[in-house]
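When a residue number appears, it is its place in the shown sequence, counting from 1.
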Amino acid sequence: MPALWIDLAPLILTSAVLPLQTIVTLLLVRSSLASACAWVAGMMVVRLLQGVLFGLVLAPIEEQSEAGAQYFVGGLLLVLALVLFVKALRT
């Protein structure tokens, strides 16, 4: 159970510090329901694509690879996380 909290800690902190998605959704609901539905549908599609990418593509590679390749996948995920964090800070 502690490992789960460690894995979820960045998501929890980011959600607490940057509630941008909630704010945008509420503003779009006030303007029009169709815009809010399109926003939520877009977020769902992006998250599904991320799940497919990380779950179906990177997970089997990580399981079958040697220790060196696991470091590569971990480094790749770290760089991707940093790029997304910088993008969030800029917006």
Side-chain angles (χ1 to χ4, degrees):
M1 190 61 139
L4 175 65
W5 287 108
I6 292 171
D7 290 341
L8 291 178
L11 181 61
I12 293 168
L13 292 175
T14 305
S15 296
V17 175
L18 299 171
L20 183 65
Q21 291 179 347
T22 305
I23 292 169
V24 170
T25 304
L26 291 174
L27 289 174
L28 286 172
V29 166
R30 288 183 64 193
S31 65
S32 80
L33 186 59
S35 298
C37 290
W39 169 259
V40 172
M43 286 191 304
M44 286 174 37
V45 167
V46 167
R47 289 184 179 146
L48 285 172
L49 290 174
Q50 287 174 343
V52 167
L53 175 68
F54 292 125
L56 297 178
V57 176
L58 294 179
I61 292 172
E62 185 177 1
E63 289 174 1
Q64 296 175 356
S65 66
E66 298 174 7
Q70 288 180 352
Y71 290 125
F72 174 74
V73 172
L76 179 67
L77 292 175
L78 179 63
V79 168
L80 181 60
L82 289 174
V83 167
L84 291 174
F85 185 67
V86 168
K87 175 76 171 153
L89 287 176
R90 286 187 179 180
T91 58

Would you mind listing the cluster partners of [X]? Hydrophobic ones only (ILVMFWY), side-chain contacts under 4.5 Å, chaining allowed.
{"X": "Val79", "answer": "Val83"}
{"X": "Val86", "answer": "none"}
{"X": "Val29", "answer": "none"}

Results of side chain to side chain donor-acceptor pair (under 3.5 Å) for Arg47 - residues two or more places apart only: Gln21

All side-chain contact (heavy atoms from CB on, under 4.5 Å) counterparts of Leu80, not counting sequence neighbours: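 Applying side-chain contact (heavy atoms from CB on, under 4.5 Å) to Leu80 gives Phe54, Leu84.
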
Could you list the donor-acceptor pairs under 3.5 angstrom formed by side chains in residues 33-44, with sequence neighbours left out?
| from | atom 1 | to | atom 2 | distance (Å) |
| --- | --- | --- | --- | --- |
| Ser35 | OG | Ser32 | OG | 2.8 |
| Trp39 | NE1 | Thr25 | OG1 | 2.9 |

